[in-house]
Amino acid sequence: MGGNLPRLLAACPIAVPSVRSGLRREAARFLDDTLDEAERRRITLVEVDSIPVIINLVRQHGYLSVLPQSSLARVHRPPAMIRLGPAYRQSLTLVWPRGAFAAEIGELMISMMKMSAETRPPAESVPDHRPPNA
């Protein structure tokens, strides 16, 4: 579509989680920031509350979606992606059941995440997954 993002967004249905989802709110914010009111009226949103189903709609049926990059990490031959700017990153929370070992589990998880963060390359060195001519 010659790099015309509004035209692309209007040309294909967009699979999104339900309105209650934080991911949906981020997708809506992206669409609001990217499209004017007339362009937003031309898009088709389809609610799907399963990321694997959304990925299938994208891969097999020509849908678009806004997904966490991590949801595509284990997908063999993932679809084309364009990384959105840092303003659209979601904050995630680690949760676990309360119980006798809750504090120990929490400390273990935090230490594991700190170790992982120390070995991860800086965000700016992670390559964009932009398709050619995007």
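Minimum interatomic distance between R40 and D32 (heavy atoms only, all atoms of both residues): CD-OD1, 3.1 Å. Of all non-hydrogen atoms in F30 and Y88, the two that sit nearest each other are CA-CE2, 3.5 Å. Residues I51 and L23 share a closest heavy-atom pair of CD1-CD2, 4.4 Å. The nearest pair of heavy atoms linking V48 to I54 is O-CD1, 3.5 Å. Scanning all heavy atoms of the two residues, the minimum distance from S65 to A15 falls at OG-O, 2.6 Å.
The list of salt bridge (charged side-chain N to carboxylate O under 4.0 Å, His left out) pairs with a residue in residues 48-64, not counting sequence neighbours, reads R20-D49.
In this structure a side-chain-to-backbone donor-acceptor pair under 3.5 Å is missing from R42 to A10. For S71 (side chain) and P68 (main-chain N/O), a donor-acceptor pair under 3.5 Å exists by modelled atom type.
The one candidate from I43, T44, L64, V58 that meets the side chain to side chain contact (heavy atoms under 4.5 Å, CB included) condition with C12 is L64. Just one of I14, V46, N56 meets the side chain to side chain contact (heavy atoms under 4.5 Å, CB included) condition when paired with Y63; it is V46.
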Per-pair distances, 0.1 Å, donor-acceptor, side chain in residues 73-81, under 3.5 Å, sequence neighbours excluded:
none

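Under a 4.0 Å N-O distance rule, the pair E47/R24 qualifies as a salt bridge.
Separation of atoms CD1 (I110) and CD (E107) is listed at 7.5 Å; rounding is to 0.5 Å. The CD atom of E39 lies 9.0 Å from the CG atom of L5; values are rounded to the nearest 0.5 Å. Rounding to the nearest 0.5 angstrom, the gap separating the CG atom in L84 from the CG atom in L67 is 10.0 Å.
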Let's go through V16 and V66 carefully: what are the C-alpha distance in whole Å and the side-chain angles of both, what is the deciding distance for side chain to side chain contact (heavy atoms under 4.5 Å, CB included) to 0.1 Å, and is it a yes or a no? CA-CA 7 Å; V16 293; V66 175; over 6 Å; no

